[in-house]
**Student:** 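Below is the structure I would like to discuss, written out as structure tokens.
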Amino acid sequence: MSKIQAIRGMNDLLPQQSATWQYLESAVSSILDQYNYKEIRFPIMETTDLFKRSIGEVTDIVEKEMYTFADRNGDSVTLRPEGTASCVRACEQHGLLYNQTQKLWYHGPMFRYERPQKGRLRQFHQIGVETFGFDGPDIDAELLLLTARLWKQLKINHAVVLEINSLGTPASRGRYKAALIDYLNPLKGQLDEDSQRRLSTNPLRILDSKNTDTQALLADAPQLHDFIEDEAKAHFVALTDILKAADIPYRVNQRLVRGLDYYDYTVFEWVTDQLGAQGTVCAGGRYNGLVEQLGGRPTAAVGLAMGVERLVLLLETLNVLPDNVASTPDIYIVSVGDVMPYALSVAEKLRDDLLDANICSHFGGGSFKNQMKKADKSGANMALIIGEDEKQQQLLTVKYLRSGDPQKTITVEEFITLFKHRN
């Protein structure tokens, strides 16, 4: 009988890897808390119509990548391919948007049927940030400021570059789309296969084609900024002024359009050249029309999403993870003889009084020598040895594994005082 394997592109996260994820997630959570963003959680499965109405029926995600199926009632449901639409649905359903402003964040798995490769999986994880009810460019800027702060904290700021663009309103984008089609139609036969298809479905996506021949054809194409309204231009200039004042480097990329239909005004990507083709580690933009598009009142909105797998890969590639990112015990309790009840009671007493200490108890018996080998291999700074004598006298023996200090036999209370003083 063959062994059962994980589904291709849906990876396990093993204990030695989860420490890095926890480090990243903790850093993100602390930054967002500094900026007063509140966490929201919503289901991983939604009605298919939610994503068709928000993302756009002629996008690659909806056409080719969604995990969509009929449930037992015959209703079409989809594993979420992104988080913004679900966040809008949850906020609108629970009355969080009317006459209110919201600064929210979430994290969890997303699902897209793609060819698995480095930095791209079928089940991948995102951390998303969404804001509602703020019209001005200051909130767009705050999203970029907080991500810039995160990159500095993670020590990857030297390896990421901010690219920004303005898409204007849907009306101006429609005028530009028509001009782009007029320009590209005579060149259709020279476009790559994906771009030929997109010319009749989603022509703006041709602008960020990775095909070098297609990019060469776009050299003389109409420029999007020639079509956007004065109000959108002013919003974009105000945003860049804030970035300059905050000393946040950026470059304007007029071919940056993002792959979802709901964006308008600001769009941005943080990109790196350290991960090959999958160079975007965080992206987002403004989507002022999406709430109304999904049945709510007109609501200004802007957000971002960062790919956890890609950020973890970047941290590992740049070798910037702290030495202590993996969780190792501070204390390893060695039990020799018939002393387990006493040893476990000591461990619980220590956990009561040393709340930040990582304490590992040895289980399964074994010789004193083998237990000490495991204590040393665990990375613990000290072993607490409990044998028949220690049990009888209600003591424990402290053996220092790293410092070379002489061992000592003391009471539990004395050890608690000693540990607090050393740490």
Side-chain angles (χ1 to χ4, degrees), residues 1-15 17-18 21 25 38-98 102 104-117 119-130 132 197 201-202 205 258-263 283-284 287 289-297 299 301 303-310:
M1 182 180 295
S2 61
K3 291 183 179 179
I4 297 176
Q5 302 284 323
I7 297 171
R8 185 166 180 256
M10 297 186 177
N11 292 356
D12 299 307
L13 186 64
L14 303 181
Q17 300 166 308
S18 64
W21 283 56
E25 291 164 352
K38 308 299 182 186
E39 186 180 5
I40 185 172
R41 303 190 184 199
F42 34 78
I44 64 170
M45 189 164 62
E46 303 269 7
T47 61
T48 302
D49 190 49
L50 171 66
F51 300 113
K52 285 186 175 180
R53 289 170 59 184
S54 60
I55 297 172
E57 292 201 45
V58 293
T59 58
D60 286 352
I61 294 174
V62 171
E63 286 185 327
K64 301 187 297 184
E65 298 172 2
M66 294 202 310
Y67 280 90
T68 296
F69 54 93
D71 67 10
R72 292 190 175 186
N73 289 327
D75 298 322
S76 182
V77 295
T78 296
L79 296 176
R80 63 187 185 197
E82 58 97 43
T84 300
S86 292
C87 189
V88 170
R89 191 271 311 149
C91 288
E92 184 62 26
Q93 180 175 338
H94 298 287
L96 301 185
L97 301 182
Y98 182 56
Q102 299 289 348
L104 306 171
W105 75 279
Y106 52 87
H107 65 111
M110 310 292 167
F111 303 85
R112 296 183 192 177
Y113 189 85
E114 300 184 277
R115 183 171 64 86
Q117 54 187 289
R120 185 184 290 271
L121 298 170
R122 291 175 177 174
Q123 177 179 306
F124 57 99
H125 296 76
Q126 285 186 342
I127 298 171
V129 183
E130 315 289 354
F132 301 97
R197 177 179 55 82
T201 58
N202 197 354
R205 289 304 313 280
R258 304 294 300 136
L260 308 177
D261 278 0
Y262 53 62
Y263 285 117
Y287 50 96
L290 183 57
V291 176
E292 185 177 14
Q293 186 177 321
L294 294 178
R297 296 176 175 84
T299 304
L304 63 81
M306 56 188 77
V308 178
E309 281 88 353
R310 291 187 191 177

**Student:** Among residues at least two apart in sequence or on other chains, which ones pass salt bridge (Lys or Arg N to Asp or Glu O under 4.0 Å) with Glu292?
**Tutor:**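 Scan of Glu292 (salt bridge (Lys or Arg N to Asp or Glu O under 4.0 Å), adjacent residues dropped) gives none.
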**Student:** Mind listing the closest non-hydrogen atom pair of Met66 and Thr48 along with its distance?
**Tutor:**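 Heavy atoms of Met66 and Thr48 come nearest at CE-CG2, 4.1 Å.
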**Student:** Any non-hydrogen side-chain atom of Arg310 less than 4.5 Å from a side-chain atom of Arg120?
**Tutor:**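 Answer yes - side chains close enough.
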**Student:** Donor-acceptor check, side chain of Gln102 to backbone of Leu96, threshold 3.5 angstrom: yes or no?
**Tutor:**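 Looks like yes, one N/O pair under 3.5 Å.
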**Student:** How long is the gap from CE on Met45 to CZ on Phe69, to the nearest 0.5 Å?
**Tutor:**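 Answer for the CE-CZ pair, Met45 versus Phe69, is 5.0 Å.
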**Student:** Around Ile7, counting heavy atoms of other residues, nucleotides and ligands shown, do more than 12 lie under 6.0 Å from its CD1?
**Tutor:**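 Count not over threshold, so no.
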**Student:** Measure the shortest side-chain to side-chain distance between Met110 and Pro81 over non-hydrogen atoms and say whether it is less than 4.5 angstrom.
**Tutor:**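 Sidechains of Pro81 and Met110: no contact.
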**Student:** Can you list everything that forms a salt bridge (Lys or Arg N to Asp or Glu O under 4.0 Å) with Arg41? Sequence neighbours excluded, please.
**Tutor:**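 Residues passing salt bridge (Lys or Arg N to Asp or Glu O under 4.0 Å) with Arg41: Glu39.
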**Student:** Does any non-hydrogen side-chain atom of Tyr67 lie less than 4.5 Å from one of Gln123?
**Tutor:**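 No, side chains not in contact.
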**Student:** When you compare the side chain of Ser54 with that of Val88, does any pair of heavy atoms fall below 4.5 Å?
**Tutor:**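 No - every pair of side-chain heavy atoms lies 4.5 Å or more apart.
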**Student:** Is there a donor-acceptor pair under 3.5 Å between the side chain of Asp71 and the backbone N or O of Asn73?
**Tutor:**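 Yes, the answer is positive, given that a donor and an acceptor are paired below the 3.5 Å cut-off.
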**Student:** Without swapping roles, check the side chain of Glu46 against the backbone of Thr78 for a donor-acceptor pair under 3.5 Å.
**Tutor:**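 Such a contact is absent between Glu46 side chain and Thr78 backbone.
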**Student:** Hey, is the main chain of Ala70 close enough, under 3.5 Å, to the side chain of Ser76 for a donor-acceptor pair?
**Tutor:**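 It does not hold such a pair.
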**Student:** Could you tell me which non-hydrogen atom of Arg53 sits nearest to which non-hydrogen atom of Gly295, and how far apart they are?
**Tutor:**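 Shortest heavy-atom contact: NH2-N, 3.9 Å.
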**Student:** List the atom of Tyr106, the atom of Val129, and the distance in Å for their closest heavy-atom pair.
**Tutor:**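 That closest heavy-atom pairing would be CE2-N, 4.4 Å.
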**Student:** Tell me if the OH atom of Tyr113 is crowded by more than 12 foreign heavy atoms within 6.0 Å.
**Tutor:**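 Check fails, neighbour count at 12 or below.
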**Student:** Looking at Phe51 and Ser86, what are the two nearest heavy atoms and their distance?
**Tutor:**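 Residues Phe51 and Ser86, closest heavy atoms: CZ-OG, 3.9 Å.
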**Student:** Does any N or O in the side chain of Arg122 come within less than 3.5 Å of the main-chain N or O of Glu65, such that one atom is a donor and the other an acceptor?
**Tutor:**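 No, the answer is negative, given that no donor and acceptor are paired below the 3.5 Å cut-off.
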**Student:** Kindly give the heavy-atom pair with the smallest separation between Leu121 and Glu114, and that separation in Å.
**Tutor:**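 Nearest pair, atom of Leu121 first, then Glu114: O-OE1, 4.2 Å.
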**Student:** Just wondering, do Leu104 and Cys91 contact through their side chains at under 4.5 Å, heavy atoms?
**Tutor:**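 In short, these two side chains touch, coming nearer than 4.5 Å.
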**Student:** Are the side chains of Glu92 and Leu294 in contact, using a 4.5 Å heavy-atom criterion?
**Tutor:**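 No, too far: nothing below the 4.5 Å cut-off.
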**Student:** Counting N and O atoms only, with roles assigned by atom type, does the side chain of Gln126 sit under 3.5 Å from a partner on the main chain of Gly128, one being a donor and the other an acceptor?
**Tutor:**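 No; judged by distance alone, with no hydrogens or angles, the pair does not exist.
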**Student:** Please confirm whether the backbone N or O of Pro43 pairs with a side-chain atom of Arg80, one donor and one acceptor, at under 3.5 Å?
**Tutor:**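 A pair under 3.5 Å: yes.
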**Student:** What pair of heavy atoms forms the shortest contact from Val291 to Arg297, and how long is it?
**Tutor:**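 Smallest heavy-atom distance, with atoms named: CG1-O, 3.4 Å.
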